[in-house]
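Below: the structure, in structure tokens.
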Amino acid sequence: MYVPFKELLTDAHKRKYAVGAFNCLSIENVMGAIQAAEELRSPLIIQLAEVQFPYSPMELMAPVYIKAAEKASVPVTVHLDHGQSFDTCARAIKAGFQSVMFDGAALPFEENVRITSQVVQMARSFGVDVEAELGKVGDTGIGAGESTGDASSADVFTDVEESAEFIALTGIDALAIAIGNLHGKYVATPQLNITRLKEINKRNNMPLVLHGGSGTSVEDFKSCIHNGICKINVATAIQIGITNKLKTYMETDPHPNYIDMKYKMIEASKEVVMEHMLLFESDGKA
Ligand code: 13P
């Protein structure tokens with residue numbers, strides 16, 4: 001069933017677990033994610049980032065996401081990940097997304113506040129919820145490349161006082177923070193700054209979001225979900241899971257064919273999503 005973003009995150013916030021937000025680039029991804037959620041009785045967020053539009057066009061994907069969410073026997077929300085402009089957020093709302101992220105983290109603080117506020121105002125009139133970001137989540141590209149950046153550099157972390165100001169000025173529903181997390185493949189397991197997370201959580205009693213979930217240690221995941229992180233984004237891990245499963249299939253099956261490849265993609269998506277839902281303790285929460 002289609003459930004609003006804010007409702008999913010409010011429950012996660014109250015019961016101290018995180019809803020997995022999985023970037024789904026194909027119908028196989030969507031089917032695997034829904035199967036995982038139904039089997040584990042877990043809420044789910046299906047999302048697509050603007051950088052992924054060239055190979056998974058938003059207007060083509062939206063009806064698949066929405067229909068799959070409506071038909072699911074567990075709560076599902078469809079979310080725009082990393083919208084790069086006001087116009088992209090408006091486009092996603094028009095396509096039926098129930099929540100959008102405007103990512104102005106690379107902008108000066110005032111500019112981030114200005115555009116985020118405009119997005120919130122527009123989204124409110126359609127009953128759509130908004131996530132925004134403050135601080136710099138390192139980037140090697142969602143699902144691409146390897147991170148060589150320094151994830152522990154404190155000057156990119158979300159500032160505690162700025163986070164409170166940002167939330168008050170914009171009226172957002174969830175805040176994505178930077179605590180040493182990176183998008184893409186880590187060269188070494190990151191060590192998240194849980195102290196900073198605790199400070200941000202204490203200062204702002206609202207749902208926080210962790211981007212760059214793939215490759216995070218079990219220990220850090222647990223510390224995150226018990227200290228205010230209510231949504232964790234995962235993209236790269238699914239892509240690796242699918243690639244590895246297809247590689248094994250191609251190498252071992254004497255007569256590989258496309259239909260079986262589709263089944264393998266659904267299976268791999270389901271496995272990766274289930275693994276993360278268990279880590280996020282969202283199983284049994286639907
Ligand atoms: P990963 O690809 O590192 O899992 O990051 C996903 C993400 O944060 C999407 O916004």
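Keep in mind it's a predicted model, so treat the numbers as computed, not measured. Just follow the structure's listing: the first ligand is 1, and inside any ligand the first atom is 1.
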Handout entry: Residues, nucleotides or ligands: over 12 heavy atoms within 6.0 Å of Ile27 CD1
Key =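 No - once you tally the heavy atoms of other residues, nucleotides and ligands closer than 6.0 Å, there are 12 at most.
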Problem - Flag if over 12 foreign heavy atoms under 6.0 Å of NZ, Lys198 - result: no
Handout entry: Smallest separation among heavy atoms of Asp129 and Lys6, with atom names
Key =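 Asp129 and Lys6 have their closest heavy atoms at OD2-N, 3.0 Å.
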Going by the atom numbers of ligand 1, which of them fall below 4.0 Å from some non-hydrogen atom of [X]?
| X | value |
| --- | --- |
| Ala235 | 1 (P), 2 (O), 4 (O), 6 (C) |
| Asn23 | 9 (C) |
| Thr236 | 1 (P), 2 (O), 3 (O), 4 (O) |
| His211 | 8 (O), 10 (O) |

Practice task
Report yes if some N/O of Gln47 lies less than 3.5 Å from some N/O of ligand 1; otherwise report no.
Solution key: no
Problem - Close N or O approach (Val234, ligand 1; < 3.5 Å) - result: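 No: no nitrogen or oxygen of Val234 is under 3.5 Å from one in ligand 1.
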Handout entry: Leu182 touching ligand 1 at heavy-atom level, < 4.0 angstrom
Key =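 Within the 4.0 Å threshold, so yes.
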Exercise for the section: Give the other cluster members for Tyr17, using side-chain heavy-atom distances under 4.5 Å between Ile, Leu, Val, Met, Phe, Trp and Tyr residues; answer none if it is isolated. Expected result: Met1, Val3, Phe5, Leu8, Leu9, Val19, Ile45
Problem - Residue of the set Leu192, Leu208, Leu210 for which side chain to side chain contact (heavy atoms under 4.5 Å, CB included) holds with Leu197 - result: Leu208
Practice task
Answer yes or no: is there an ion pair linking Arg114 with Glu111, defined by an N-O contact shorter than 4.0 Å?
Solution key: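 Yes, charged N to carboxylate O under 4.0 Å.
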